[in-house]
Colleague: 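Dropping a structure here in structure tokens format, bear with me for questions.
This structure is a prediction, so every number in the text was calculated from the model and none was measured.
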Amino acid sequence: MPKAIVVGGGVIGLCSAYFLAEKGFDVTVVDPGEGPSTSTVNAGMIVPSHIIPLAAPGMVGVGLRMMLRPKSPLWIRPRLDRELFRWGLRFAKSCTKEHVERSKKLLLDLNLASKQAYLDFERLLEGFHVEQKGLLMIARKESSLEEESHVAAQVHELGVPVNILDAKQIKEIDPGIRIDAVGGVHYVADCHFSPGDFMMALRAKLGQMDVRFERSRVHSLSDLSLKSDTVVLAAGAWSNRLAARIGLYLPLQAGKGYSFNVENPPERPTICAILMEGRVAVTPMPHGVRFGGTMEIGPTDDRIDDRRVEGIREAIPAYYPAFAGFDFKSHPAGLGLRPCSPDGLPYIGRTRFAPNVIIATGHAMMGMSLGPITGHLVAEIATGEKPGIDASLLDPDRFAV
């Protein structure tokens with residue numbers, strides 16, 4: 001029986017472990033069990049609508065403008081850091097229309113395949129459920145609605161159902177909560193779920209499949225390569241440090257995000273949503289509502305910037321008037337560190353620097369959405385099968401020097 005070691009116990013690591021075990025591998029998941037749990041504090045959305053990578057035209061200007069606002073949803077922590085500078089240059093170079101055109105069909109195919117895998121998991125895992133109600137993009141400004149309508153048109157051109165809503169329609173689509181908006185976009189194919197429930201159920205399933213879990217810190221991929229036929233690097237925002245030790249330059253920056261749960265909200269939405277101008281994600285959970293947001297590019301630490309959390313809290317009542325005066329501060333925030341590549345695409349595949357190492361990281365805000373398809377691709381690559389999706393754009397060596 002071939003052996004596989006998966007480095008990282010987040011959603012990418014667990015999904016990789018599942019599909020490898022399904023292919024007949026003897027799998028061990030190695031994770032230190034320390035630091036922020038990005039896979040359990042996120043918004044839990046499956047997003048076929050998200051076909052535009054983070055690196056897109058205009059994003060450099062948006063980032064520079066938001067850096068001047070202490071509570072802005074996008075912020076780069078100023079610091080003298082050579083790697084941040086190199087990452088920033090590559091990000092700016094990737095923010096082109098051509099890059100978006102190359103990427104959007106791939107991102108759609110990945111998300112749709114991952115959605116189907118989640119629906120398969122729903123039938124397989126005890127205590128896990130997917131809500132197939134779509135995603136609501138809520139706009140308070142006409143300019144925001146017009147901008148999102150252009151994205152919606154591209155999604156629709158690729159065959160995905162989408163509806164543009166006016167102010168009256170957006171208030172009718174989720175009658176359980178009052179919404180103050182000029183309109184919105186309803187991406188019908190999107191879904192949501194509780195990421196904590198999924199992670200717990202999948203880990204239990206892996207135990208039934210005789211997957212072993214080892215709580216320790218990995219210092220060398222080369223050492224693991226000597227003990228295993230396949231090593232999967234799925235260590236999230238920390239992956240670049242281990243990659244460097246095998247000679248692979250893997251540009252990554254940690255994109256810190258925050259979320260908090262409200263167990264007894266004054267009103268409760270039933271459809272997951274993004275409050276567009278505030279860039280706040282809203283997800284109905286089994287025991288309340290989760291609010292999350294911000295993209296803070298900075299070091300891999302667990303420091304919470306209260307200004308960024310306050311920015312999330314202040315944005316909510318502008319869209320959901322029932323939350324005006326609500327005591328958000330009694331609901332503590334958690335954080336996660338998203339691994340962000342400079343072109344907004346994940347790294348999935350083998351590297352020439354270590355033949356039996358497969359890289360699986362760099363998913364930024366789509367890690368949970370793309371977890372199952374990433375695991376499936378990892379298993380196909382490990383067994384030498386031709387992947388069902390062309391992942392050539394995800395080559396981990398694309399920035400290698």
Side-chain angles (χ1 to χ4, degrees), residues 4 6-25 27 29 31 37-40 42-51 106-132 135 160 189-209 211 230 232-236 239 272 283 336 338-339 345-349 358-383 385-391 394:
V6 178
V7 181
V11 64
I12 304 299
L14 294 194
C15 287
S16 296
Y18 172 81
F19 287 105
L20 285 167
E22 194 179 50
K23 294 283 188 181
F25 281 77
V27 183
V29 177
D31 188 271
S37 180
T38 306
S39 294
T40 55
N42 72 89
M45 296 179 182
I46 307 169
V47 286
S49 62
H50 282 39
I51 63 170
L106 171 61
L107 289 174
L108 175 62
D109 289 345
L110 291 170
N111 273 291
L112 287 175
S114 221
K115 174 185 174 180
Q116 183 56 56
Y118 270 119
L119 296 178
D120 293 339
F121 274 132
E122 184 178 30
R123 293 187 288 271
L124 180 71
L125 303 180
E126 186 175 349
F128 172 59
H129 175 63
V130 178
E131 288 285 355
Q132 298 188 67
L135 167 68
V160 181
D190 290 15
C191 312
H192 73 270
F193 60 93
S194 166
D197 289 349
F198 175 71
M199 295 294 287
M200 184 182 302
L202 181 55
R203 192 178 176 101
K205 180 63 178 178
L206 291 175
Q208 296 170 10
M209 300 170 76
V211 171
T230 297
V232 180
L233 178 55
S239 298
C272 65
T283 311
R338 314 176 188 98
L345 297 177
Y347 301 111
I348 305 174
I358 299 174
I359 310 297
T361 188
H363 296 71
M365 294 178 290
M366 288 190 285
M368 185 58 71
S369 185
L370 297 181
I373 186 56
T374 300
H376 190 73
L377 287 171
V378 164
E380 289 180 327
I381 293 166
T383 55
E385 300 173 45
K386 182 180 179 180
I389 294 176
D390 181 4
L394 312 180

Colleague: Any heavy-atom pair between the side chains of Leu377 and Leu110 that's under 4.5 Å?
Modeller: yes

Colleague: Write down the atom of Ile12, the atom of Gly371, and the distance for their closest heavy-atom approach.
Modeller: CD1-CA, 3.7 Å

Colleague: Tell me if a side-chain donor or acceptor on Ser39 pairs with a main-chain N or O of Val11 at a distance below 3.5 Å.
Modeller: yes

Colleague: Roughly how far apart are Met365 CE and Leu370 CG, rounded to 0.5 Å?
Modeller: 11.5 Å

Colleague: For the residue pair Thr230 and Phe25, establish whether any side-chain heavy-atom pair is separated by less than 4.5 Å.
Modeller: yes

Colleague: Can you find a heavy atom in the side chain of Tyr18 that is under 4.5 Å from one in the side chain of Leu124?
Modeller: yes

Colleague: Between Asp190 and Leu135, is there a donor-acceptor pair closer than 3.5 Å when you use the side chain of the first and the backbone of the second?
Modeller: no

Colleague: Parallel, tilted or perpendicular for Tyr118 and Phe193, by the 30°/60° rule?
Modeller: tilted

Colleague: Heavy atoms, side chains only, cut-off 4.5 Å: are Pro346 and Thr374 in contact?
Modeller: no

Colleague: Under a 4.0 Å N-O cut-off, is there an ion pair linking Glu385 with Lys23?
Modeller: yes

Colleague: Within the distance-only criterion (no hydrogens, no angle test), does the side chain of Glu122 pair as donor or acceptor with the backbone N or O of His129 below 3.5 angstrom?
Modeller: no

Colleague: Quick check: does any side chain N or O of Ser114 sit under 3.5 Å from a backbone N or O of Ile373, one acting as donor and the other as acceptor?
Modeller: yes

Colleague: Look at the side chain of Asn111 and the backbone N and O of Ser49, then say whether any donor-acceptor pair between them is shorter than 3.5 Å.
Modeller: no

